[in-house]
Structures are given as C-alpha cells and as structure tokens.
Amino acid sequence: MRAPATEAANATETGKTVLSAENISLTFGGLKALRDVSFDVKKGEIRAIIGPNGAGKTSMLNCINGFYHPQEGTITFKGVARRRARPDRIARQGIARTFQNVALFKGMSTLDNIMTGRLTKMHTNFLLQAIYWGPNQREEIAHREVCERIIDFLEIEHIRNTPVGRLPYGLQKRVELARALAMEPDLLLLDEPMAGMNLEEKQDMCRFILDTNHQLGTTIVLIEHDMGVVMDLSDRVAVLDYGNLIADGRPDDVQSDQRVIDAYLGVSHQ
Amino acid sequence: MFYREAGQFKTSYAADQAIFPILQDRLFVIAVLAVAYLVIPFISTPYFLVTIMIPSLIFCIAALGLNVLTGYAGQLSLGTGGFMAVGAYATFKMTTMFPELNIVIVFLLSGVFAAAVGVLFGLPSLRIKGFYLAVATLAAQFFLIWLFNRVGWFSNYDPSGTISMPPRDVFGIRVVGSGAAPEVRYLMVLTLVVVFCLLVKNLVRSRMGRTWMAVRDMDIAAEIIGIRLMWAKLSAFAISSYLCGVAGGLYFAVYLRTVETIAFDVVLSFVVLFMIIVGGLGSVLGSILGAFFITAIPVILTRAPHDLGIPISVDMAQHLEVIIFGSLIIFFLIVEPHGLARLWQIAKEKLRRWPFPY
Ligand SMILES: Nc1ncnc2c1ncn2[C@@H]1O[C@H](COP(=O)(O)OP(=O)(O)OP(=O)(O)O)[C@@H](O)[C@H]1O
Ligand SMILES: [Mg+2]
C-alpha cells in the first residue's frame with residue numbers, strides 16, 4: 001500500500017492548490033475550537049488531518065463545508081474566496097463529505113440513498129417528473145447507470161435494495177461513501193471513514209479510498225485516528241491539537257516531530 | 001407460490017424502475033381498476049356510492065396530499081382542513097363568477113389557490129420543526145376558517161355563510177349539483193383519484209420524492225448533498241396543499257353540496273391525519289387504504305346492528321360505533337405501527353413463500 005501513496009505524492013507535488021484555509025479561528029462561547037489555523041489542499045492529493053480527541057478536526061471540516069462559519073479567516077475553494085456560504089451551495093460547488101457518525105437517509109434503500117447524490121445533477125421539472133414517461137425516465141436511467149457503476153466500484157451490489165437502516169455499520173459507512181462519490185466531487189471530505197470497523201473492513205475501505213484517489217482523481221481530505229492508515233494513505237498530514245496547527249508536512253516528517261509525539265502522549269498539557 | 005417474482009428477470013433499468021415491476025402486482029391493479037370502473041357503478045346502490053365510495057375517494061386525494069407533506073417530506077401539518085376549505089371556497093367563487101367554465105377545470109384550478117396559501121403557511125417550516133410546526137399549521141387552520149366566516153365575499157354574502165353548489169354539466173351530462181347521478185359523480189371522482197395517484201407515485205419515485213425523503217430522514221445530510229431545504233419544504237407544501245385543495249373542492253361540490261365553514265374545522269384535519277397514520281406514512285397505497293378505512297368503517301358500523309337485525313337504540317349504536325372504531329384503530333396501530341400498507345406488504349411476502357413457513 002505504501003508504494004502507490006508515495007507515487008501519488010510525487011505526482012501531485014506540483015499540483016495546484018484547490019482549497020486553502022487561511023488564519024481560521026472558530027470559537028463557541030468561550031471555547032476556542034480552532035486558533036489561527038492555516039492549511040491548504042493540493043489537487044489530486046490525499047490530505048490527512050490528525051490529532052487527539054477534541055482537537056478540532058471535525059470543526060475544520062465543518063468550516064470547509066459551511067456548517068460552521070469561522071469568526072476569522074478566509075476559505076478559498078477553486079480560486080474563489082468565500083465567507084458565510086450555505087452547505088448546499090458549497091455542495092454544488094463540488095465538495096462532498098461523509099460524517100463521523102453515519103448520516104444516511106434511514107427510510108430509503110441503498111440505491112435511493114446513492115441516487116440522492118445525483119439530485120443536483122438532475123434537471124427535469126416537477127411536471128415532467130409527475131408524468132415520468134419520457135424525459136424524466138431517460139434522466140432517471142442515465143443517473144441510475146452512474147450509481148450502478150459506483151455500486152460496482154464499492155462492491156455493494158448485494159445490498160442495492162436493502163433499506164440502509166438494516167445494514168451493519170461497516171456497510172453503512174460504505175454506502176455513505178457511495179453517496180458522496182455519486183456527487184462526483186472535486187474535493188471529498190472523509191471524517192473518520194474507518195472508525196468502528198474491523199481489520200478486514202478497514203482494508204477494504206483503504207483500498208476504496210486509494211482507488212477513488214487514483215482512478216477518479218478525486219482530491220481527498222481524510223480525518224483518521226489509525227496512524228498506520230494515515231501514514232500509508234496520505235500524501236501530507238496536518239496535525240491539530242487543542243485547536244492549534246502544530247505540524248504539517250509529509251507523513252514521515254510529521255511522525256518524528258517532537259511536538260506531535262508530545263501531543264499524542266499528552267506531555268505538553270500536563 | 002402464486003405471488004412470486006422468481007423467473008421475472010429485469011433486463012433493463014427501465015423495467016426495474018417500472019411503477020409495478022412485478023407481474024402479479026400489475027394484474028392486481030388492472031383487476032381493481034376493472035372492478036371500480038365496470039362493476040361497482042352498475043351493481044351498487046346509490047346509497048353505497050354516496051355514503052361510502054364518493055367520500056372515501058375524495059379523502060384519498062386529501063390523504064395523498066397530507067402524505068406528501070407528512071409521510072414523504074416529514075413536515076407535520078394540522079392545517080389540512082383549512083387548505084381543503086380554500087379549495088372549496090375557490091371552487092364556489094370560480095364557478096359562480098364564471099358559470100361557463102368547465103367544472104373539472106374549476107376543481108383543478110382550486111388546488112392552485114390552496115397551493116399558494118399552503119406555501120404561505122409553509123414558510124414557518126423553514127425555521128421550526130415537529131410539534132412546533134404542527135402548532136403553526138394549526139394557526140393556519142383557525143385563521144382560514146375565521147377568514148371564510150368573517151368575509152362575506154367568499155360566500156357571496158349569504159347571511160348564514162353557507163355555500164351551495166349550483167348544477168353544472170360537462171358535455172351535456174350533469175356532474176354536480178341537483179340532478180347529478182351518483183354513478184356520474186362516482187366515476188368523475190374515481191378518475192381524478194386514479195390520475196392523482198399515478199402522478200404522485202411518479203413524483204415520489206423521481207428526484208422530487210427523493211429530495212423530500214432526504215429532508216424527512218436527515219435534513220443536515222440533505223443539505224450537504226446540495227438540497228436547498230427551503231425549496232424542498234415549500235415544494236412539499238405546495239403540492240400537498242394543491243391536492244388538499246382539489247379534495248376540498250370535491251368534498252364541497254360532489255359530496256356535501258351545501259357546506260358551512262364548520263365542515264372544514266380542525267376535526268377534519270385530524271381525520272385526514274388518522275387516515276395516513278392508519279394507512280401508512282410515506283405510501284400512496286397507504287393513503288388509499290387509510291381513506292377507505294376511516295371513511296367506510298363508521299358507516300358500516302352504524303348500519304350493522306340494523307342490517308343484522310339486532311334491536312338497539314340509535315344512541316346505543318352510535319356509542320358502540322365510536323368504541324369499536326377507536327378500538328380498531330388502536331388494534332391496527334399495535335399490530336402494525338407502519339399502517340395497513342405495511343400489512344399488505346407482509347401479506348405479499350407470506351404469499352411469496354407459501355406453502356413454506358419461511
Ligand atoms: N457545535 C458545537 N458547539 C459547542 N462546542 C463545539 C461544537 N462543535 C465542536 N465543539 C467543541 O469544539 C472542540 C473540537 O471539536 P471537534 O468535534 O472538532 O473535535 P475532533 O477533533 O473532531 O474530535 P474527535 O476526534 O473526538 O472527533 C471540542 O471541544 C468540542 O466540544
Ligand atoms: Mg471529530
């Protein structure tokens with residue numbers, strides 16, 4: 001698994017910056033979740049964010065996709081700086097994400113969940129939808145084909161018609177990834193995609209993430225606690241601790257950084 | 001054994017996405033339609049058509065409307081009666097202002113007024129959810145009834161605020177008002193129900209339906225896949241109120257024929273809500289089953305002692321009716337909280353496996 005990651009790193013060394021966050025500060029009442037954090041994501045790379053619990057990793061993703069609005073700082077995506085954009089607007093600009101605790105549509109089947117990822121790409125009006133036959137059917141079939149390719153890609157053919165509420169946790173995470181991929185995003189944010197999985201499921205998920213990055217060319221921001229996974233998958237790693245960015249760089253450099261070791265051992269705060 | 005899909009392989013996505021992908025379902029629907037169109041009108045007594053079939057069918061449309069909003073889009077509403085009143089008064093005003101206008105077109109247009117009012121009262125849904133939204137729609141209910149009571153223009157300044165449906169013909173046949181045959185009224189309402197069921201079924205299995213269900217199941221996740229919550233909720237209010245409006249117009253013009261605002265009070269909102277809860281939330285079939293169950297059972301219960309020759313007083317019969325009706329609702333909700341539509345689903349699964357236990 002190591003080799004492809006390094007290859008990708010070399011290939012994207014010169015990649016253009018897709019997203020840059022500059023001097024982001026986010027506070028909840030008195031609590032500073034993020035303090036003056038700056039980091040960027042280059043086209044085609046897998047960018048990891050790591051840090052102890054409560055470090056502000058999820059908050060960072062929430063800022064990127066518009067759930068939280070940082071008090072200070074700017075986020076620039078594809079060259080356009082923005083303040084206070086709504087999440088649906090940002091989704092339409094090409095950012096998809098998955099959640100730390102699965103956020104699927106429980107009342108719908110796997111296929112319908114994945115089809116929701118295509119909603120912004122469908123355009124027939126409601127009268128044509130009510131008639132169904134004709135343009136709407138053609139559109140439904142075209143998007144169904146895209147979803148079926150994703151279903152094949154993630155190897156979830158057997159649960160196509162199962163209501164997602166009945167699926168085991170590991171598969172739910174996979175369906176959530178499928179829904180995000182159906183959006184054909186330029187930037188994919190994954191919040192602990194492997195949390196709560198067994199070894200085999202983790203290996204599958206790693207493979208899917210790498211394949212997504214290599215075959216589809218999707219830029220990925222990944223939050224993960226499993227250091228082995230992070231070191232294997234990512235091209236660059238940002239380390240957060242108590243809302244501060246304490247290290248940023250290639251996995252090997254970060255791993256040997258004294259501040260990172262301290263943060264993980266809890267030295268600096270005792 | 002008789003109901004099985006083995007051997008019916010879909011070779012295209014179009015076939016897999018068909019409205020009734022399984023052959024037996026298709027045959028069943030065709031049979032039901034054949035009975036509804038070719039048998040019922042010829043063998044039924046006018047009493048049966050007028051007291052059971054016509055109101056049940058009209059409530060199918062109202063239940064379908066509320067199910068779009070509550071069952072599919074997850075927005076609880078207690079304003080159904082109010083939206084139906086808008087449809088009724090719109091029908092009355094339009095047909096008295098433009099007597100020449102085809103009454104079916106009047107019905108269809110009445111829904112548009114209800115849709116506009118529905119969107120207006122749907123605005124709070126952008127801020128509030130659940131029970132709080134239900135209270136906001138309740139305010140709509142009371143306001144609308146108050147408005148129709150208060151402003152004489154709506155009832156053409158009738159001193160008691162009553163509106164009556166004048167007779168109207170379509171292609172020379174009397175369809176509403178005095179002299180309209182029960183069979184004709186039945187067939188007209190039936191056709192509207194079939195058309196609306198089909199249209200709604202198509203909507204909910206397309207982009208619109210998935211948008212609504214996404215908002216219902218998890219609005220945060222809906223936003224991150226690019227759904228505009230405002231648009232999704234207001235479109236549900238619009239289409240739901242449209243259907244309720246058409247149902248209100250029919251309820252007034254075809255069923256009651258003479259109404260006061262009291263006919264559309266909050267009790268009606270609850271009745272339609274019961275229909276979709278008993279029938280099945282988020283199901284077109286459930287709307288139909290619920291509408292028939294809640295409309296027909298009381299009528300049957302009221303007549304049962306008389307038909308069976310049991311001598312009890314009218315008062316007693318009425319009390320019994322309420323008790324039995326209430327118990328039935330509770331029984332069904334305990335047996336299957338997901339409604340009659342789910343019971344039907346389970347029955348089909350059993351049939352598929354029959355004669356094996358599993
Ligand atoms: N909506 C909120 N309101 C108040 N405080 C919040 C909110 N969201 C996050 N926080 C706080 O911000 C800090 C950072 O939280 P965040 O969820 O970003 O951590 P994390 O790095 O994702 O942790 P974990 O590894 O446990 O997922 C925490 O102290 C948390 O309690
Ligand atoms: Mg987190």
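Values in this document were obtained by computation on a predicted structure and should not be read as measured data. In the text below, chain A, chain B and the rest are named by the order of the sequence lines, each starting its count at 1.
- The 12-atom threshold is exceeded at CZ of A:F67, counting heavy atoms of other residues, nucleotides or ligands nearer than 6.0 Å.
- Within a 6.0 Å radius of CZ in A:F99, other residues, nucleotides and ligands contribute more than 12 heavy atoms.
- Within a 6.0 Å radius of CG in B:L23, other residues, nucleotides and ligands contribute more than 12 heavy atoms.
- Inspection of non-hydrogen atoms places B:L198, B:L199 of residues 192-200 of chain B under 4.5 Å from chain A.
- Residue contact with chain A, scored on non-hydrogen atoms closer than 4.5 Å, involves the side chain of B:I239 exclusively.
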For the pair A:R47 and A:L19, evaluate side chain to side chain contact (heavy atoms under 4.5 Å, CB included) and give the outcome as yes or no after the intermediate values. CA-CA 11 Å; A:R47 185 77 153 106; A:L19 178 112; over 6 Å; no
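- B:F121 meets the side-chain contact (heavy atoms from CB on, under 4.5 Å) test with B:F83, B:V117, B:A140, B:F143, B:L144; sequence neighbours excluded.
- A search for side-chain contact (heavy atoms from CB on, under 4.5 Å) contacts involving A:P70 returns A:I24, A:C63, not counting sequence neighbours.
- Atom CZ of A:F28 is surrounded by more than 12 heavy atoms from other residues, nucleotides or ligands within 6.0 Å.
- Side-chain N or O atoms of A:K57 include one that pairs as donor or acceptor with a backbone N or O of A:G51 at under 3.5 Å.
- Separation of atoms CG (B:L243) and CD1 (B:I61) is listed at 7.5 Å; rounding is to 0.5 Å.
- Between the OG atom of A:S20 and the CZ atom of A:F39 there is a distance of 9.5 Å, given to the nearest 0.5 Å.
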Return one line per donor-acceptor pair between chain A and chain B under 3.5 Å, naming both atoms and the distance rounded to 0.1 Å.
{"unit_1": "A:R92", "atom_1": "NE", "unit_2": "B:G226", "atom_2": "O", "d": "2.9"}
{"unit_1": "A:R92", "atom_1": "NH2", "unit_2": "B:G226", "atom_2": "O", "d": "2.6"}
{"unit_1": "A:G107", "atom_1": "N", "unit_2": "B:D217", "atom_2": "OD2", "d": "2.8"}
{"unit_1": "A:T124", "atom_1": "O", "unit_2": "B:R207", "atom_2": "NH2", "d": "2.4"}
{"unit_1": "A:Q129", "atom_1": "OE1", "unit_2": "B:R207", "atom_2": "N", "d": "3.4"}
{"unit_1": "A:Q129", "atom_1": "OE1", "unit_2": "B:M208", "atom_2": "N", "d": "2.8"}
{"unit_1": "A:A130", "atom_1": "O", "unit_2": "B:N202", "atom_2": "ND2", "d": "2.8"}
{"unit_1": "A:N136", "atom_1": "ND2", "unit_2": "B:S206", "atom_2": "OG", "d": "2.9"}
{"unit_1": "A:E140", "atom_1": "OE1", "unit_2": "B:R210", "atom_2": "NH1", "d": "3.4"}
{"unit_1": "A:E140", "atom_1": "OE1", "unit_2": "B:R210", "atom_2": "NH2", "d": "3.2"}
{"unit_1": "A:E140", "atom_1": "OE2", "unit_2": "B:R210", "atom_2": "NH2", "d": "2.8"}
{"unit_1": "A:R144", "atom_1": "NH1", "unit_2": "B:D16", "atom_2": "OD2", "d": "3.2"}
{"unit_1": "A:R144", "atom_1": "NH2", "unit_2": "B:D16", "atom_2": "OD2", "d": "2.8"}

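- Of the atoms belonging to A:M183, it is side-chain heavy atoms, and not backbone ones, that fall under 4.5 Å from chain B.
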